[in-house]
Amino acid sequence: MDIADVLKHTSSELFLPDLQATDKESAIQELVSGLSSGMNIQNPDTILQMLQSRESLGSTAVGPGIAFPHGRTLAVQQLSILMARSTKGVDFDSEDGGPTHLFFVLIAPPQDMGHQYIKSLATLIDSVQDTDLRDKLMAADNYEAFCAALKGE
Amino acid sequence: MHPQLQQLVALQDMMGMIREIEEKGSELEDMGFKTAGLDDLKNAREELEGKIDPQVMGLFRRLTGKFGRAVVPVIGNSCTGCFALIPASFVSKTNAGRLQYCESCGRILYWP
Ligand SMILES: [Zn+2]
């Protein structure tokens with residue numbers, strides 16, 4: 001699976017260029033409201049609860065300045081990915097203690113054939129290891145530029 | 001959404017997450033994710049189970065044992081557990097205040 005396949009699961013409606021939240025709880029809420037307005041979800045609380053449960057397992061802020069909140073829930077019917085950015089940075093309880101600036105949220109249905117979302121997660125994590133790329137993502141003017149940077153264009 | 005249904009869906013999502021960590025945890029750990037909170041999550045599951053009406057909880061357990069998943073989404077007017085058609089009257093507002101079951105298989109219905 002390459003990054004172009006992963007990006008098929010997102011859209012400009014699922015891109016939040018500058019989060020307002022600075023703490024973990026309100027950041028998760030902001031991400032969930034982005035998801036529910038970007039993809040017409042009836043029960044955003046279900047997704048909120050799932051992501052909170054996931055964070056209780058261990059913070060998903062595992063990359064340098066990057067978090068990958070993820071999980072499966074009955075509330076969605078297909079793998080959906082929301083991408084978000086924070087200029088100010090969010091205290092997301094990261095491993096290195098630093099602020100989180102980039103968020104890739106992966107929400108999958110319970111019956112996700114072939115663990116597509118785990119593969120997408122692995123691809124994304126691999127892709128964003130490069131410091132130059134992270135700078136490009138932070139500087140991208142819009143969704144198209146953000147995707148182009150991810151694809152290495 | 002009916003509060004009890006909200007809890008059942010959260011519980012089922014949580015059970016799936018616990019199962020995923022137990023089955024695929026090493027894969028997630030290889031990606032850098034920590035799963036040290038698994039016991040906390042199991043405690044949260046028990047706490048949530050305690051909040052649900054015991055009778056509903058009993059039914060949920062029976063359905064889970066029988067089908068793997070007790071709550072199923074209704075998509076395109078069909079129960080996605082058995083693909084039986086769900087009558088339009090089920091969706092009406094008068095039913096919003098209670099749990100609804102598929103007349104054909106008995107699973108608990110959820111409208112995503
Ligand atoms: Zn059914």
Side-chain angles (χ1 to χ4, degrees), chain A residues 35-36 39-64 66-78 80 93-96 104 106-112 114-129, chain B residues 1-3 5-48 51 64 67-76 78 80-81 91 96 107-112:
Chain A
L35 276 165
S36 69
M39 56 185 284
N40 181 34
I41 283 169
Q42 308 296 319
N43 308 306
D45 287 351
T46 305
I47 299 181
L48 185 68
Q49 242 168 320
M50 186 278 286
L51 288 177
Q52 284 166 340
S53 299
R54 179 60 191 84
E55 293 302 319
S56 75
L57 207 50
S59 176
T60 58
V62 294
I66 313 178
F68 302 90
H70 64 269
R72 297 173 192 277
T73 171
L74 214 55
V76 297
Q77 285 141 55
Q78 58 192 33
S80 304
D93 196 18
S94 68
E95 202 152 310
D96 60 10
F104 295 89
L106 289 86
I107 310 288
Q111 70 295 352
D112 164 34
H115 294 282
Q116 211 183 15
Y117 103 95
I118 301 230
K119 287 177 191 152
S120 304
L121 197 53
T123 304
L124 270 171
I125 292 175
D126 265 358
S127 313
V128 296
Q129 291 306 318
Chain B
M1 180 168 34
H2 188 272
L5 180 58
Q6 173 86 48
Q7 287 175 326
L8 291 176
V9 170
L11 177 60
Q12 189 165 285
D13 282 351
M14 218 183 252
M15 287 163 61
M17 193 179 288
I18 291 169
R19 197 166 48 236
E20 183 159 82
I21 296 304
E22 286 172 344
E23 284 168 8
K24 305 209 75 158
S26 59
E27 207 170 314
L28 287 162
E29 277 169 13
D30 287 347
M31 287 187 232
F33 294 106
K34 296 276 183 292
T35 54
L38 185 57
D39 287 339
D40 292 341
L41 192 59
K42 286 181 176 172
N43 290 339
R45 179 193 60 194
E46 276 172 32
E47 206 175 298
L48 184 56
K51 285 184 195 159
T64 304
F67 297 119
R69 273 197 287 269
V71 188
V72 293
V74 176
I75 296 168
S78 291
T80 53
V91 197
R107 287 176 176 93
I108 302 163
L109 300 174
Y110 167 81
W111 280 263

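Please read all numbers here as calculations on a predicted model, not as lab measurements. Chain identifiers are assigned alphabetically (A, B, ...) following the order of the sequence lines, protein sequences preceding nucleic acid strands; residue numbering begins at 1 within each chain.
- Among B/Pro73, B/Gly37, B/Ala44, the residue with the largest count of heavy-atom pairs under 4.5 Å with chain A is B/Gly37.
- Neither the backbone nor the side chain of A/Ile41 comes within less than 4.5 Å of any heavy atom of chain B.
- Residue contact with chain A, scored on non-hydrogen atoms closer than 4.5 Å, is absent for B/Arg45.
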List the steps and the verdict of side chain to side chain contact (heavy atoms under 4.5 Å, CB included) for A/Leu57 and B/Leu38.
CA-CA 5 Å; A/Leu57 207 50; B/Leu38 185 57; 4.1 Å; yes

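- Across all non-hydrogen atoms, the minimal contact from B/Glu20 to A/Tyr117 is OE1-OH, 2.5 Å.
- None of A/Ile47, A/Thr73, A/Leu51 except one satisfies the side chain to side chain contact (heavy atoms under 4.5 Å, CB included) rule with B/Asp13; the exception is A/Thr73.
- Contact check for B/Val9 versus A/Asn43: no side-chain heavy atoms found under the 4.5 Å cut-off.
- What you find for B/Gly32 and A/Glu95 is that their closest heavy atoms are O-OE1, 4.2 Å.
- Shortest non-hydrogen contact noted between A/Val62 and B/Met31 is CG2-O, 4.4 Å.
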Yes or no on side chain to side chain contact (heavy atoms under 4.5 Å, CB included) for B/Phe33 and A/His70, after CA distance, side-chain angles and deciding distance?
CA-CA 11 Å; B/Phe33 294 106; A/His70 64 269; 3.7 Å; yes

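- Rounded to the nearest 0.5 angstrom, B/Glu27 CD and A/Leu121 CG are separated by 9.5 Å.
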Which is it for B/Gln6 and A/Gln49 under the side chain to side chain contact (heavy atoms under 4.5 Å, CB included) test, yes or no, and what are the steps along the way?
CA-CA 10 Å; B/Gln6 173 86 48; A/Gln49 242 168 320; 3.3 Å; yes

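- When all heavy atoms of A/Ser56 and B/Leu41 are compared, the pair lying nearest together is OG-CD1, 3.7 Å.
- With a 4.5 angstrom heavy-atom cutoff, B/Ile18 does not touch chain A via any of its atoms.
- Neither the backbone nor the side chain of A/Glu55 has a heavy atom closer than 4.5 Å to any heavy atom of chain B.
- In this structure, B/Lys34 and A/Ser59 have side chains that are not in contact, with every pair of non-hydrogen atoms separated by 4.5 Å or more.
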Stepwise, does the side chain to side chain contact (heavy atoms under 4.5 Å, CB included) test hold for B/Met17 with A/Arg72?
CA-CA 7 Å; B/Met17 193 179 288; A/Arg72 297 173 192 277; over 6 Å; no

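- Counting heavy atoms from C-beta outward, B/Met14 and A/Met50 have side chains that stay 4.5 Å or more apart.
- The minimum heavy-atom distance between A/Gln77 and B/Pro112, with the atom names listed, is NE2-CG, 3.1 Å.
- No more than 12 heavy atoms of other residues, nucleotides or ligands lie within 6.0 Å of CD in A/Gln78, so this atom counts as exposed by the packing criterion.
- B/Glu29 meets the salt bridge (charged side-chain N to carboxylate O under 4.0 Å, His left out) test with no other residue; sequence neighbours excluded.
- Here the closest non-hydrogen pair linking A/Leu74 and B/Tyr110 is O-CE2, 3.5 Å.
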